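What follows is a set of notes on a single structure, which appears directly below.
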Amino acid sequence: MARSAGGPASFRPSPGSIPESPGVYRFRDPDDRVIYVGKAKSLRQRLNSYFADFAGLHPRTQTMLTTAAGVDWTVVGTEVEALQLEYSWIKEYDPRFNVKYRDDKSYPYLAVTMGEEFPRVQVLRGAKRKGTRYFGPYSHAWAIRETVDLLLRVFPIRSCSTGVFRRAGQVGRPCLLGYIDKCSAPCVGRISPEDHRALAEDFCDFMAGNTGRFVKRLEREMARAAAEQEYERAARLRDDIQALRRAMEKQAVVLGDNTDCDVVALAEDPLEAAVQVFYVRGGRIRGQRGWVVDKVEETGPGELVERFLLQIYGDAASDAVPREVLVPALPPDADAIAELLGEHRGGRVEIRVPQRGDKKDLLTTVERNAAEALRQHKLKRASDLTSRSRALQEVADALGLDQAPLRIECYDVSHMQGTDVVASMVVFEDGLARKSEYRRFSVRTTGGDVASIHEVISRRFKRYLEERSATGELDVEMGAEPGADSEAGAGPGIDPETGRPRKFAYPPNLVVVDGGPAQAAAARRALDELGVDDVAVCGLAKRLEEVWLPDEELPVILPRASEALYLLQRVRDEAHRFAITYHRSKRSRSVRESALDGVPGLGPARRQALIKHFGSVKRLREATAAQICEVPGIGPATAETIVSALKDESS
């Protein structure tokens, strides 16, 4: 083992000391706590990659290495053994830099307590109990109760609590469910323990997908009762059959009757990932479950899938591991993972990415659910006041601000190979988007993103200074009487003519630009040229999520799980989205109108009228001169000119 407390270089293993065999390694901190566990096909190659080029590593990996004080390893014989040992160590040490999946909520299960003398059906959450059969998980508890209510007509097993069950036995009178035939009332001896257990086993068989035999049995009994003229009993059996069929309809058939598989899908961003699983048994979706994970290490979809499969199935019962797992991307050691899960299940397990057909369609559905789960998680996190307050304070601390930046403006530039250059300005106040104050810019200068940022910041803050001058704020600072040039009663940010907020009246506490040190320096230079010295500036580089301050040689590295980085990333992504939307609309408009630019006598108004009438240049090109004449303001001569111009262009 290599160990020291002086940074990565001080505990780097000596050359040749690391074996080339497969194995598992542990990084430890100065207090000897394990902070990261990893596996490798070649320990030497993998560990050397940590120390060969520290500057080229991802910031998350750099943070792990600077936190660590030593590394040790264990050699194993095969990749499967490495997976098993890695999983055991992650469970034992709970390392802070390993990916950990957590439920995005507590999912309910339908449970049958087969370990009791009189099995009971109920809704359960949390850790699974020994001797209990579980079905699900379900998205909502009410979905379970609706299914149970239907099935108790046919399988009237106990569903009451222990207290109610004992009290009914003491008084010799069953509860209401016993009187309405939704419980066989074992509490008062109406059914023997053996017969009640048989009912419970039939209930479990039906929930496990063996539905056909129960419907056929009831249909035979109904026919027999009708033949014997027992019409009331036949009617009751008919209602039981309908109840079973309604319960079956609640579980949609999506794949073949013999298909047992779990469908796993991911949705991710640079900081977090959401995982959704649909459980398909007997061709029907039996349940759904979701997890969310903080990406504290650099991982791709394959690595996320591998960690998920190990963590979720590692402690599961053998019958909870399906024959087939459909995933969006194969893990790096797919064969080893499949072998490990197969050993746990006691049978072959196949891990694959569906390419076509019903399974591919189902995976697409699960992916949509994962994307929605991630969106809901982010909305919930963003709306939390405590998290927002902590994020703003963390930003202030990291950037050395005097106070939390209650108003943040972020700028992003978008273009297509230097054409149709646009920029966006988004505003977040108290950590929440203020969309009414978003602004868009058509960039006039050329020279790349840096020149564009300089222009946009200059234009925005020139307008701010003009607004301050119009309200008399600058005069007050120069010693003039307040309100000398503004209408009485109008606030500094209110237009006295419209009564609406002025567009650029409020300055931000912090300006964030999408980019690195060059973009941050350009924004700072623009502010300095205007004499604005009370607004902080930083740049957020997308590739490594580094925060750059003007005139600083090294970036500020925020912890991956910090609320500050989450907030800055959300602000930057919103600016990027807003810029892209504007750029696409502008490019689309220019493409539509460019074909008509060279037509003599056709000005902007008539070009717009033509596009509005026909919907596109393509449809206009297919129109005749007579059809073009139907557009107001277009005469026969102009129509012929348009037809000729468009024909020449397409030829």
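What you see is a predicted model; the values in this text were computed from it and never measured.
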In Å, rounded to the nearest 0.5 Å, how long is the span from [atom1] of [X] to [atom2] of [Y]?
X      : Y      : atom1 : atom2 : result
Asn509 : Glu429 : CG    : CD    : 9.0 Å
Asp412 : Ile453 : CG    : CD1   : 7.0 Å
Ser562 : Ile557 : OG    : CD1   : 11.0 Å
Arg390 : Tyr566 : CZ    : OH    : 12.5 Å
Lys462 : Glu529 : NZ    : CD    : 8.5 Å
Thr67  : Tyr36  : OG1   : OH    : 13.5 Å

Please test Arg407 against Glu437 for salt bridge (Lys or Arg N to Asp or Glu O under 4.0 Å), starting from the C-alpha separation and ending with a verdict. CA-CA 11 Å; Arg407 180 181 171 103; Glu437 302 210 7; 2.8 Å; yes
Heavy-atom closest pair, residues [X] and [Y]:
X      : Y      : result
Leu363 : Ala265 : CD1-CB, 4.1 Å
Val456 : Ala423 : CG2-CB, 3.5 Å
Trp548 : Leu554 : CZ3-C, 3.9 Å

Could you go through the salt bridge (Lys or Arg N to Asp or Glu O under 4.0 Å) check for Asp573 and Arg577 one step at a time? CA-CA 6 Å; Asp573 291 347; Arg577 179 200 66 79; over 6 Å; no
In chain order, what residues pass the side-chain hydrogen bond (donor to acceptor under 3.5 Å, both in side chains) check against Asp361, with sequence neighbours excluded?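 Applying side-chain hydrogen bond (donor to acceptor under 3.5 Å, both in side chains) to Asp361 gives none.
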Can you list the residues that meet the side-chain hydrogen bond (donor to acceptor under 3.5 Å, both in side chains) rule with Asp449, with sequence neighbours excluded? His415
Assess whether side-chain contact (heavy atoms from CB on, under 4.5 Å) is satisfied between Val422 and Val413, documenting all intermediate values. CA-CA 6 Å; Val422 300; Val413 175; over 6 Å; no
Checking side chain to side chain donor-acceptor pair (under 3.5 Å) for the pair Tyr464/Glu466: CA distance, chi angles, key distance, verdict? CA-CA 5 Å; Tyr464 159 60; Glu466 290 170 2; over 6 Å; no
Does a side-chain heavy-atom distance below 4.5 Å link [X] with [Y]?
X      : Y      : answer
Ile35  : Met64  : yes
Val34  : Val37  : yes
Asp262 : Phe278 : no

If you count the non-hydrogen atoms of other residues, nucleotides and ligands that lie under 6.0 Å from CG in Asp402, is the total more than 12?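 Incorrect, the count does not exceed 12.
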Electrostatic pair Glu86-Arg307, nearest N-O below 4.0 angstrom: yes
Strictly below 4.0 Å, N to O, side chains only: are Glu306 and Lys39 in salt-bridge contact?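 Yes, charged N to carboxylate O under 4.0 Å.
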Measure the acute angle between the ring planes of Phe11 and Phe51, then classify it against the limits of 30° and 60° as parallel, tilted or perpendicular. perpendicular
Quick one, Arg570 with Glu574, criterion salt bridge (Lys or Arg N to Asp or Glu O under 4.0 Å). Give me CA distance, side-chain angles, the key distance, then yes/no. CA-CA 6 Å; Arg570 194 157 53 92; Glu574 178 68 354; over 6 Å; no
Taking atom types as modelled and ignoring hydrogens, do the side chains of Tyr438 and Arg434 form a donor-acceptor contact shorter than 3.5 angstrom? no
